[in-house]
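To start, the structure under review is shown below, and the notes come after it.
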Amino acid sequence: MATDAAALVIETSHLTKIYQNRQIALNDATLAIEPGTVLGLLGPNGAGKTTFLRLVLGLHTPTAGWAKVFGKRMTPNAADLRRRIGYIPTNPQFPKGMTPIVYLDYIGRLFGMPANSRKPMLASLIRAVDLLPHAGEPIAYFTPGMTARLAVAASLINEPDLLIWDEPTHGLDIEARRSMLELIKRLAADKTLILSSHNLTDVDEVCNHAAVLNKGQLIFHGSLQDLKGRIRKNHYELDIEGDQKSIAKTVQQIRVMKEVGSAVLRHRRLELKLVDDVPNTAVLAMVFQTMADNKVVLVSVRSVGMQTEQAYLDMVEKEEQRGFTRLYQSAEAA
Amino acid sequence: MDATATRTPIRFNRLLPYWAVLQTDLRQTAHSWVFRLWVLLSLLSAAGYGLYKYGIHHEAGIVQSASMQTGDLLRGVAVASLAFVALLSVSAVSSERSTVADAVLCRGISRYQYFMAKWHARTAVVLAAFAVLSAIVLTGYHYLLDPDLTFGGGVAATAIALAALACVIAWGVTIGALANGTVIAITIFWMLLYGTILLCSFLPDPFPSPTYVMTQMRSILKGNYDEYRVGRVVAGFLIAAAVGATVGLVGFRRKDV
């Protein structure tokens, strides 16, 4: 990441949030986000993702550290900065008794948009998110999918440069989720996006950067490729064919190899875990040779786990295993 | 879904967010069940009390002074209204915390504008409703009972009650904005409110305690009042309201929502 502070969309330094001296929600998060980044904010429940987003938005004030947005310090009163941000909370809530037209008009006025730019914009957005037939109906009767589409429209009404979407595909059906992902891809062309998500498939599809939070600690920040590069390339599944005797003999021979951590046969699928720090190509070559010697046919071979998911899980696991050494080693993100 | 392609620079109006929250809250407060219940109960109690006194006045022939009955009623309604007004004012900010407030405060509105809009909306709705109720009661009782009310006295008495309510609303909104939950905020506010009234009733004579002022309603309504003293009482309540709102503004400026 470049270090030109003026060009950064978001910059945080030692950002820390402790709620009422009872709960450490975010601990010393330092990161920088450049324009055009589509950042996937990952982490288990309670990792501090929403807290991080709320601090960046100025909804919460940091206990220590600071967050800058577009080069300026974000505070609860920084209305000018928030005019350039479009936000969707996890479960968007709407005032009672409003229709989409009234609600979007209200949001437009909250941004200070005059009627001549607000009204055409809200009409375009209602059409764009397919809410035209429901434009006059009370939001209270909307399905989760319609509510999510309305929240998207609300986050775009001010033509923001930065979009912060907290779990945008949460509760959506397959079709609505697909539409949301396509929209994110199109928006990514000229906006900076931060997507908090549990769904690693979504992150893998639309994001080019990732930040991983675990128990309030930022344990990774970098490109998605970097994250995938940290995957442990030692877990494979092999679909095999041949007579039962040959397969059993092959598995036995593979198990005695010192480079193989474990080899488990389930029906015709061999689950293979290699020990760490060995060149996987050489070990796999030995395995394949053993299979060939025993006349066992290899149907398919694949690395286990979706790459981003595996990398993420590995990262969280490694972080857990570091124990007290966390105190002396800075986060890998730094 | 399809993003819009047109992009024209927007010239933002910085006062618009304040108006948006003010208008929305005016409508929501007027439609809330607490407000409707308060207005309904006040109207019913005023009508019932008035008809009862009218019966005594006309059927039993016992003269009922309009100033005395109106004074008693206004005092009763004001004290009974405190519970409702406290609910309305405290819930202004606290009931939206972590829900609708997120969707509002993440837009182009400052904390100051949000707090002021909420405070002004609640004050406007409650005071307008109380002023209309007072006007109805004063006019009705003037014609139904022995007419010893004066216009100036009615205005002065209503002004005192309105100023007291404005003070209650300002502190209610402030406590609601600074507390972490609606229930705890209402509890704290009720305790403070009734505790303050009780403590003020022990104030020595030169100090215009709320209890003393309320008992003086009868003579004020008859026109027997010192304008300077009434002005001082009204100003006292308004200053207390301004202090309350300032505390709220300063506290809410950095409060997590």
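Numbers restart at 1 for each chain; the letters A, B, ... are given by sequence-line order, proteins then strands. Bear in mind that the values here come from a model prediction, so they are computed numbers and not experimental data.
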Original post:
What do the steps show when you test A:K191 against A:E159 for salt bridge (charged side-chain N to carboxylate O under 4.0 Å, His left out), and what is the final call?
Top reply: CA-CA 10 Å; A:K191 296 183 193 303; A:E159 297 182 1; over 6 Å; no
Original post:
For chain A, which residues of residues 192-202 of chain B have at least one non-hydrogen atom nearer than 4.5 Å to it?
Top reply: none
**OP:** Tell me, for A:R84 versus chain B, whether the close heavy atoms (under 4.5 Å) come from the side chain, the backbone, both or neither.
**Re:** neither
**OP:** Indicate whether any N or O donor in one side chain lies under 3.5 Å from an N or O acceptor in the other, for B:S89 and B:R122.
**Re:** no
Original post:
Who among A:R83, A:Q20, A:R118, A:Q93 has the most heavy-atom pairs with chain B under 4.5 Å?
Top reply: A:R83
Subject >> Atom group of B:R27 that falls short of 4.5 Å from chain A, counting heavy atoms >> reply: side chain
Original post:
With a 3.5 Å cut-off and no angle check, do the side chains of A:D202 and A:S197 form a donor-acceptor pair?
Top reply: no
Original post:
Would you call A:K185 and A:E182 a salt bridge, using N to O less than 4.0 angstrom?
Top reply: yes
Subject >> Polar side chain donor-acceptor pair, A:D28 to A:T16, under 3.5 angstrom >> reply: no
**OP:** Answer yes if the side chains of B:W38 and B:S81 hold a donor-acceptor pair under 3.5 Å, and no otherwise.
**Re:** yes
Original post:
If contact means a heavy atom pair closer than 4.5 Å, which residues of residues 102-114 of chain B contact chain A?
Top reply: B:D102, B:A103, B:V104, B:L105, B:C106, B:R107, B:G108, B:I109, B:S110, B:R111, B:Y112
Subject >> Winner by heavy-atom pair count (cut-off under 4.5 Å) against chain B, out of A:H60, A:R109, A:M113, A:R54 >> reply: A:R109
Original post:
Which atoms of A:R127 come close to chain B, meaning under 4.5 Å heavy atom to heavy atom: side chain ones, backbone ones, both, or neither?
Top reply: neither
**OP:** Please work out which of the three classes, parallel, tilted or perpendicular, describes the rings of A:F94 and A:Y103, given edges at 30° and 60°.
**Re:** perpendicular
Original post:
Would you find more than 12 non-hydrogen atoms of other residues, nucleotides or ligands less than 6.0 Å from A:I174 atom CD1?
Top reply: no
**OP:** Output yes when A:K49 and A:D166 qualify as a salt bridge under the 4.0 Å nitrogen-oxygen rule, no when they do not.
**Re:** no
Got a list of side-chain donor-acceptor pairs under 3.5 Å for residues 242-257 of chain B, not counting sequence neighbours?
{"unit_1": "B:T246", "atom_1": "OG1", "unit_2": "B:A242", "atom_2": "O", "d": "2.6"}
{"unit_1": "B:K255", "atom_1": "NZ", "unit_2": "B:L178", "atom_2": "O", "d": "3.0"}
{"unit_1": "B:K255", "atom_1": "NZ", "unit_2": "B:N180", "atom_2": "OD1", "d": "2.9"}
{"unit_1": "B:D256", "atom_1": "OD1", "unit_2": "A:K17", "atom_2": "NZ", "d": "3.4"}
{"unit_1": "B:D256", "atom_1": "OD1", "unit_2": "A:T61", "atom_2": "N", "d": "2.9"}
{"unit_1": "B:D256", "atom_1": "OD1", "unit_2": "A:T61", "atom_2": "OG1", "d": "3.3"}
{"unit_1": "B:D256", "atom_1": "OD2", "unit_2": "A:K17", "atom_2": "NZ", "d": "2.6"}

**OP:** Name the option with the most non-hydrogen atom pairs under 4.5 Å to chain B; the candidates are A:I85, A:V102, A:D80.
**Re:** A:D80
Original post:
Could B:E96 and B:K118 be called an ion pair, given the rule that one side-chain N must be under 4.0 Å from one carboxylate O?
Top reply: yes
Subject >> A:P92 versus chain B, the contacting section by heavy-atom distance below 4.5 Å >> reply: neither
Original post:
Can you tell me if A:S155 and A:W165 form a side-chain donor-acceptor pair at under 3.5 Å?
Top reply: yes
Original post:
Which residue pairs pass the ring pair (Phe, Tyr, Trp, His ring centres under 6.0 Å) test with at least one member in residues 106-150 of chain A, sequence neighbours excluded?
Top reply: none
Original post:
Which bit of A:A151 comes within less than 4.5 Å of chain B, counting heavy atoms only: side chain, backbone, both or neither?
Top reply: neither
Subject >> chain B contact via A:N116 - which portion, at a heavy-atom distance below 4.5 Å >> reply: neither
Original post:
Using 4.0 Å as the upper bound for N to carboxylate O, is an ion pair formed by A:R73 and A:E11?
Top reply: no
